[in-house]
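For reference, the structure is listed below as structure tokens.
Residue indices begin at 1 and follow the sequence shown.
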Amino acid sequence: MTLNRYAYNCMAHLASLHGALDDTLLLYNMMRSEARQQQQRHRQQQQQQQLQQAAATATAGTAAGGAAAQREEAEPEAAADESVGAAFSGSQGGHSSHNGAAYRSHAPELTLDCSPDAYTYSALVRAAVTAGRGDLLPALFNEMAASQRAADRAAGRPRPLAPGEGEGRLGLSTEVWGHFISAASRTGQPELAMRFFDAGIAELGLLPTTPIYNAALAAMARAGRPLPELMSLYREMVGGCSRPLPQHQQQLQQQQHQQQQAAAAAAAAPDGAGPGAPGRGGGGPAATRRRRRAAAAAVATAAAAAGGETEAEPMAAVGDAADGELEVRQPPLRPDAYTFNALLTATAHDLAPLAAVHAVRSEMVAHGVQLNTYVGTSLINALRKTPELSRAGGAGAGAAGGSAAAGAAAVVSEAEAVMSELVAGGAASATSYICMAALYASARQPGDVLRVVREMVAGGVVADGSSWEFLVAAAEDAGLYGLVPQLQRAAEAQACAAEQAAAAAAAETSRRRQQARQPGQGQGQRQSGELGVGAVEGAGDAVWRASEEGQRERAEVEKRRVGEYFDRMGAESRQRQDEWQQRRQQQQQQHRQQQQH
């Protein structure tokens, strides 16, 4: 059975979800091998078609010559009848051969290609990340780029590609490009992510979209790049930019521009002037029309010679060739919540002042981006890292202390407004509460710290151990050592409550499963008059199954059942193998006896 590309991609997707990197690579190599075999079969079919066409042409020429000789020797009536029959036969044969050639020419198109595409490379990236092999990402990207270069060489396309020409090719898309950037960023390789971003434009001929810019901004934020660098990339995203064309396309554009100018000058020349003027080849309206047709034909011929073997790709507007600046203009893009989440993360890492936070917030308002859980939490964290809040604790009395206190109050007020909006919209998470409590700790407001913690616990929001450790460290950094024991007791109490809730949920789930498994047993007990005893035994059984001993017992029973099943299957397989060997030996003996007789 021959698999197509979609079946291979489905299996690669399933393997990548489980982190089976070896299986995903095996499927990728199988796809490449199958694609090479398909290409070889396609070339062989083309060669056979060419040979058949040449043989048919030679046969037709020989038959035509013989028929002409016979027509010269035959009588006029017989020659007329024969010519009619030959014409009828030729039309039928020509029509049949034409249909057969058309079918054979379209047959390779009906065969699904097994070449790896964007889905295949996305599965490879997912498998590498899931398996913890981020070091393979450069090799996978180089493999994808090399396969595209080979396809371009086979198709006669010039390299490198202009920005925007690579989109839509087999194996290339902005989605898989973004997968590479995000994977490198998630595996702790932000510098590699930025190299992927640059290589996608220069090598693969792709134009970045909003998700691509978001992935690049997130990688720069994780790498701790300064905020001005991220803002520069953000302005390029929202304002658009111009990217230069490759050298060979610049030369092509210049040639076409010069030919268009020459054609326009020839078309605008008067009837008695120009190359067709009297004394140089004639004039008049007819000469003018001839000059215009010749100029148009020259332009069309040059364009066909320059781009006849290349595929036309839609691109953005190109600059004027007369200016010497041939480039592709990228249109402005609209940012979203992921964009500002990365900018706010970089703002916090850079310890940017309150004015920088206000600038990012104003950009959000200008583009209509609303607060959500992640953007709101990042905004609170950025406000917590502002110098205005940190200077409030070390400022003394006087005018300097008063201005520092006013700046800290403004930061706290803005953070409270953000937190209120998150709570009102139901978007406040445990991280949001912890960041807000840490901001109060930085502002030396222990009462507000405890208030936020109580609100989080009352709202049923559970924070993990690392979040509590972060809050305790923020209290210690602010010198609020009296809060540390209270926060530790609150963390222990929430952990105990979470364990009890998990145990209760497990017991309830086990009870429901037990009730669903024994509907007929309860009915039989009611019919036999033993309802009370059955109910007591069922309740005791549910309690036992919810206990830890019951879970271990069920696991052991399941393990033994699976082991017995595989042992039985192995015994049956060995029995079938022995029977097959016996039948084969009997057949060989019968064959030898027949040969002896």
Side-chain angles (χ1 to χ4, degrees), residues 336-338 340-342 344-345 347-348 357 360-361 364-365 369-386 389 392 408-512:
D336 54 12
Y338 296 98
F340 293 104
N341 187 27
L344 291 171
T345 302
T347 303
V357 180
V360 176
R361 188 73 185 277
M364 290 177 56
V365 174
V369 178
Q370 302 295 328
L371 287 179
N372 58 17
T373 302
Y374 304 103
V375 177
T377 304
S378 298
L379 180 55
I380 295 174
N381 189 43
L383 292 171
R384 186 181 67 87
K385 295 293 189 67
T386 54
L389 191 64
V411 172
V412 171
S413 176
E414 187 168 349
E416 288 176 345
V418 174
M419 188 65 190
S420 300
E421 185 175 350
L422 292 178
V423 174
S429 63
T431 309
S432 305
Y433 281 104
I434 293 297
C435 282
M436 191 65 202
L439 185 142
Y440 280 127
S442 300
R444 275 75 172 179
Q445 299 179 10
D448 292 326
V449 174
L450 297 177
R451 176 179 59 80
V452 172
V453 170
R454 286 193 296 268
E455 291 177 357
M456 180 181 67
V457 175
V461 181
V462 180
D464 56 2
S466 60
S467 300
W468 285 107
E469 291 177 359
F470 170 77
L471 182 56
V472 169
E476 290 178 348
D477 293 340
L480 303 177
Y481 299 103
L483 281 178
V484 173
Q486 301 181 41
L487 296 176
Q488 292 176 348
R489 286 193 297 269
E492 294 173 359
Q494 193 178 52
C496 294
E499 292 178 0
Q500 293 176 1
E508 181 66 18
T509 304
S510 178
R511 183 183 66 79
R512 292 180 179 179

Nearest-0.5 Å distance that lies between atom CZ in F470 and atom OG1 in T431 = 9.5 Å
With distance as the sole test, does S510 use its side chain to make a donor-acceptor pair with the main-chain N or O of A506 at under 3.5 Å?
-> no
Taking only residues two or more places apart in sequence or in another chain, which ones pass salt bridge (charged side-chain N to carboxylate O under 4.0 Å, His left out) with R451?
-> D448, E455
Heavy-atom closest contact (A337 atom, V375 atom, distance) = O-CG2, 3.4 Å
Can you find a heavy atom in the side chain of L439 that is under 4.5 Å from one in the side chain of E416?
-> no
Heavy-atom check, side chain of Q445 versus side chain of V412, under 4.5 Å = yes
Nearest heavy-atom neighbours spanning E476 and Y481 = O-OH, 3.7 Å
Answer whether the closest heavy-atom distance between the side chains of M364 and L379 falls below 4.5 Å.
-> no
Are the side chains of V411 and V357 in touch, meaning some heavy atoms are under 4.5 Å apart?
-> no
Between S467 and I434, what is the shortest heavy-atom contact and its length?
-> O-CG2, 3.6 Å
Does any non-hydrogen side-chain atom of V418 lie less than 4.5 Å from one of M436?
-> no
Of all heavy-atom pairs between Y433 and V452, which one has the smallest distance, and what is that distance?
-> O-CG1, 3.4 Å
Ignoring hydrogens and angles, tell me if any N or O in the side chain of T509 forms a donor-acceptor pair with the backbone of A505 under 3.5 Å.
-> yes
Which heavy-atom pair separates R384 from S442 by the least distance, and what is that distance?
-> CG-OG, 3.9 Å
Donor-acceptor pair, Q494 side chain versus A463 backbone, under 3.5 Å?
-> yes
Can you measure from CG (N372) to CD (E421) and round to the nearest 0.5 angstrom?
-> 10.5 Å
When rounded to the nearest 0.5 angstrom, what is the spacing between CE in M419 and CG in L371?
-> 12.0 Å
Check: L383 and L389 side chains under 4.5 Å, non-hydrogen atoms | no
Using modelled atom types only, decide if a donor and an acceptor are shared between the side chain of T386 and the backbone of A382 within a distance under 3.5 Å.
-> no
Would you say the side-chain atoms of S432 pair up with the backbone N or O of T377, donor to acceptor, closer than 3.5 Å?
-> no
Locate the shortest heavy-atom distance separating V423 from A428; write the atom from each residue and the value.
-> CG2-CB, 3.9 Å
Report yes or no: do S378 and N381 form a side-chain donor-acceptor pair below 3.5 Å?
-> no
When rounded to the nearest 0.5 angstrom, what distance separates CG in L344 from CZ in R361?
-> 9.0 Å
So salt bridge (charged side-chain N to carboxylate O under 4.0 Å, His left out) across residues 500-509, not counting sequence neighbours, yields E508-R511, E508-R512
Separation between CZ (F340) and CD (Q370), nearest 0.5 Å, reads 11.5 Å
